[in-house]
Amino acid sequence: MKKIFEVPLYPYKRHADEDASSPVRRKVVVIGAGPVGLAAAIDLAQHGTEVVVLDDNDKVSFGSRAICFAKRPLEILDRLGCGQPMVDKGVQWNTGKVFFDDRQVYEFNLLPEEGHKRPAFINLQQYYFEEYLVNRVRELQEQGAPIEIRGRNKVSAIGTHPTHAVLEIDTPEGSYTLEAEWLIACDGAGSPTRQMLGLDFVGRVFEDNFLIADVIMEADFPSERWFWFDPPFNKGQSALLHKQPDGVWRIDLQLGWDIDKEREKRPENVIPRLKAMLGEDVKFELEWVSIYTFQCRRMEKFRHGRVIFAGDAAHQVSPFGARGANSGLQDTDNLCWKLKLVMDGKAPESLLDTYDAERIHGADENILNSSRSTDFITPKSEISRVLRDAVLDLSEQYEFARPLVNSGRLSVPCTYDGSPLNSADALDGPDRTRPGSPCPDAPLGDGFLLDKLGDKFVLLTIDADAPDLIVEEGIEVTRLALSIKDDKTLALQQRYLGKHESGVYLIRPDQHVAARRPAFDENQFRHAIRRAIGKE
């Protein structure tokens, strides 16, 4: 049986656009059929927007690549119609353990509270993730949604204009030209789109290298994240172990800076390192090996006229903390509803500038956390190493030291503090649901809150009166009426009301809070709606 990454899932087929007498103009073109590009396309298609995905490949990614998917991206994927297959296949985990030398110094739980539909994390090979996204594309196509993937369509040149972009595309049967009213570049860290437009990153490249090995083996390690500082099998360096489906295990080994990357990737050099870690008697086989260098960088701007960058094409972080693919999915979650409103004429084009503002804020938060993790994992001086090791020693016995240990601050969603789309906080409620925050989930007896919020503007009322529908500037805002009387777990009260007896929230289509008040005030919420679509 062939592995999924060996099977063409969207093989090249000649399209009528290639034979058109003049370039055909498409509403939205996405470059890159990886997780971020496919998520963007699905999001747009579910709202009825015509979208074409171009990729120079015709298969899912080779090797597991991104494997850790956090709770918030899983909730986004629920809205896109493919969260459940991810969770069904993935290895769920909430617990992480930190080791120093051969001692476990402490463990942590990433989701200690109850009342959430999704776990803190799942581990799942990227090729499965991409397969499920392609399956979702096929489902949408069967339902008549205007979405397509064109494999073996390589974009070789891009011209930008005030109202569109022009793409030169190479295929196995020749070249053709396509126009796009909007172009979303999701073509990875090396982003040919970024290079063709003469754009670059700003940030740091860390002087260290890590070996990634996906190993197929039978092992009885639990479904937890294990991280070692200075382990006996990799002295002076670090290591990471994660469980994936199908008996595949992810192992990361720090190698240092001055190495021969091609030499280190050879099986005769990888296998002895793994045997030192796993034991001489453990039988395993290599599925995929790679070496990466830490980079914490981003573009100065993500939007350049009609070309918008998302995911690794826009920003890069070190893999410790699982902030790469997870932040890319939050990029598209932020972008697509805004682009839809702009295309429909319901919001000014300047609304897309808030994609820049909010997701650059998110990228900077990720880069800060990743840089701190990297500095702790790979100290650059002897005194830094001494201080780090002292913190690790103390953490075994003293709880105060544990927050100082940084084996990778794991991905959490970004709160858009200071966003121009936020209204002033009039509730003085729980900090976790202040304006700009992603809505935390809560059980509702017959389901979960986030499933009921969906992907449109919602007026969430908790023991408060309000109209069932508000229409402002062409935006329909429907009411979701809830009561804490039905909240047996008290999660809804604790997460949304705090000390208050009632509350009203304006929720954006990406399930971030735009405004909140203790009671409904029509004038104030109409202002909040206009502000949330960039009209105030």
Side-chain angles (χ1 to χ4, degrees), residues 26-54 72-73 75-77 79-80 133 147 165 180-188 191 193-194 197 199 298-315 323-366 413-416 419-422 436 438 454-457 475 507-512 514 532-534:
R26 298 293 181 178
K27 292 287 186 183
V28 180
V29 173
V30 175
I31 303 178
V36 177
L38 290 174
I42 290 167
D43 202 344
L44 290 165
Q46 287 187 164
H47 287 92
T49 300
E50 177 195 71
V51 58
V52 177
V53 182
L54 305 176
R72 181 58 195 147
E75 294 163 350
I76 294 169
L77 291 165
R79 187 172 58 73
L80 299 182
L133 289 166
I147 182 172
E181 289 186 14
W182 295 94
L183 181 64
I184 305 177
C186 306
D187 47 352
S191 185
T193 302
R194 196 177 62 238
L197 295 183
L199 304 171
R298 67 165 172 85
M299 299 177 69
E300 291 189 12
K301 293 196 308 176
F302 296 171
R303 181 192 171 210
H304 293 262
R306 292 288 174 128
V307 183
I308 303 170
F309 292 81
D312 285 351
H315 45 75
R323 293 172 178 269
N326 287 304
S327 63
L329 289 170
Q330 291 168 71
D331 288 347
T332 63
D333 192 46
N334 184 287
L335 170 63
C336 290
W337 69 272
K338 296 175 179 178
L339 183 56
K340 170 67 174 172
L341 290 182
V342 170
M343 294 177 70
D344 289 349
K346 293 181 178 180
E349 192 171 313
S350 58
L351 179 62
L352 294 174
D353 294 332
T354 69
Y355 167 73
D356 245 10
E358 292 181 341
R359 291 313 300 158
I360 284 176
H361 176 74
D364 285 346
E365 185 176 287
N366 283 328
C414 174
T415 292
Y416 303 132
S419 168
L421 305 186
N422 295 346
D455 58 3
K456 296 179 174 59
F457 277 100
I475 304 296
I507 310 298
R508 306 180 345 180
D510 58 1
Q511 299 180 345
H512 279 250
I533 61 172

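Heads up: numbering here begins at 1 and tracks the sequence. What you see below is based on every heavy atom in this structure, not just the backbone, and it leaves out hydrogens, waters and symmetry mates.
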Supply the atom-to-atom distance [X] [atom1] to [Y] [atom2], rounded to the nearest 0.5 angstrom.
{"X": "Ser191", "Y": "Ile31", "atom1": "OG", "atom2": "CD1", "value": "7.5 Å"}
{"X": "Asp344", "Y": "Thr49", "atom1": "CG", "atom2": "OG1", "value": "6.5 Å"}
{"X": "Leu339", "Y": "Trp182", "atom1": "CG", "atom2": "CH2", "value": "6.0 Å"}
{"X": "Leu351", "Y": "Lys338", "atom1": "CG", "atom2": "NZ", "value": "6.0 Å"}
{"X": "Glu358", "Y": "Asp510", "atom1": "CD", "atom2": "CG", "value": "7.5 Å"}
{"X": "Arg298", "Y": "Asp312", "atom1": "CZ", "atom2": "CG", "value": "15.0 Å"}

Under 4.0 Å between a Lys/Arg side-chain N and an Asp/Glu carboxylate O for Arg359 and Asp331?
-> yes
Can Asp187 and Arg194 be counted as an ion pair, charged N to O under 4.0 angstrom?
-> no
Could you report the tightest heavy-atom contact between [X] and [Y], atom names first, then the distance?
{"X": "Val342", "Y": "Pro348", "result": "CG2-O, 3.4 Å"}
{"X": "Ala40", "Y": "Thr332", "result": "CB-CG2, 3.7 Å"}
{"X": "Gly534", "Y": "Ser350", "result": "O-OG, 4.4 Å"}
{"X": "Pro73", "Y": "Gln330", "result": "CG-NE2, 4.2 Å"}
{"X": "Val36", "Y": "Leu329", "result": "CG2-N, 4.3 Å"}
{"X": "Tyr416", "Y": "Asn422", "result": "O-ND2, 2.8 Å"}

Run the numbers on Asp356 and Ile308 for side-chain contact (heavy atoms from CB on, under 4.5 Å), then give the verdict.
-> CA-CA 9 Å; Asp356 245 10; Ile308 303 170; over 6 Å; no
Could you check His315 against Ser327 for side-chain contact (heavy atoms from CB on, under 4.5 Å), going step by step and ending with a plain yes or no?
-> CA-CA 9 Å; His315 45 75; Ser327 63; 3.3 Å; yes
With Asp333, the side-chain contact (heavy atoms from CB on, under 4.5 Å) member among Arg508, Glu75, Gln511, Arg72 | Arg72
Decide if atom CD of Glu300 counts as having more than 12 heavy atoms of other residues, nucleotides or ligands within a radius under 6.0 Å.
-> no
If you define the side chain from C-beta out and look only at heavy atoms, does anything of [X] sit under 4.5 Å from [Y]?
{"X": "Met343", "Y": "Lys340", "result": "no"}
{"X": "Phe302", "Y": "Leu335", "result": "no"}
{"X": "Leu38", "Y": "Val30", "result": "no"}
{"X": "Ile184", "Y": "Leu44", "result": "yes"}

Quick check: does any side chain N or O of Arg79 sit under 3.5 Å from a backbone N or O of Gly454, one acting as donor and the other as acceptor?
-> no
Give the C-alpha distance, both sets of side-chain angles, the deciding distance and a yes or no for side-chain contact (heavy atoms from CB on, under 4.5 Å) between Ile475 and Lys346.
-> CA-CA 7 Å; Ile475 304 296; Lys346 293 181 178 180; 4.1 Å; yes
Hey, can you tell me if His304 and Phe309 have their rings parallel, tilted or perpendicular (30° and 60° cut-offs)?
-> perpendicular
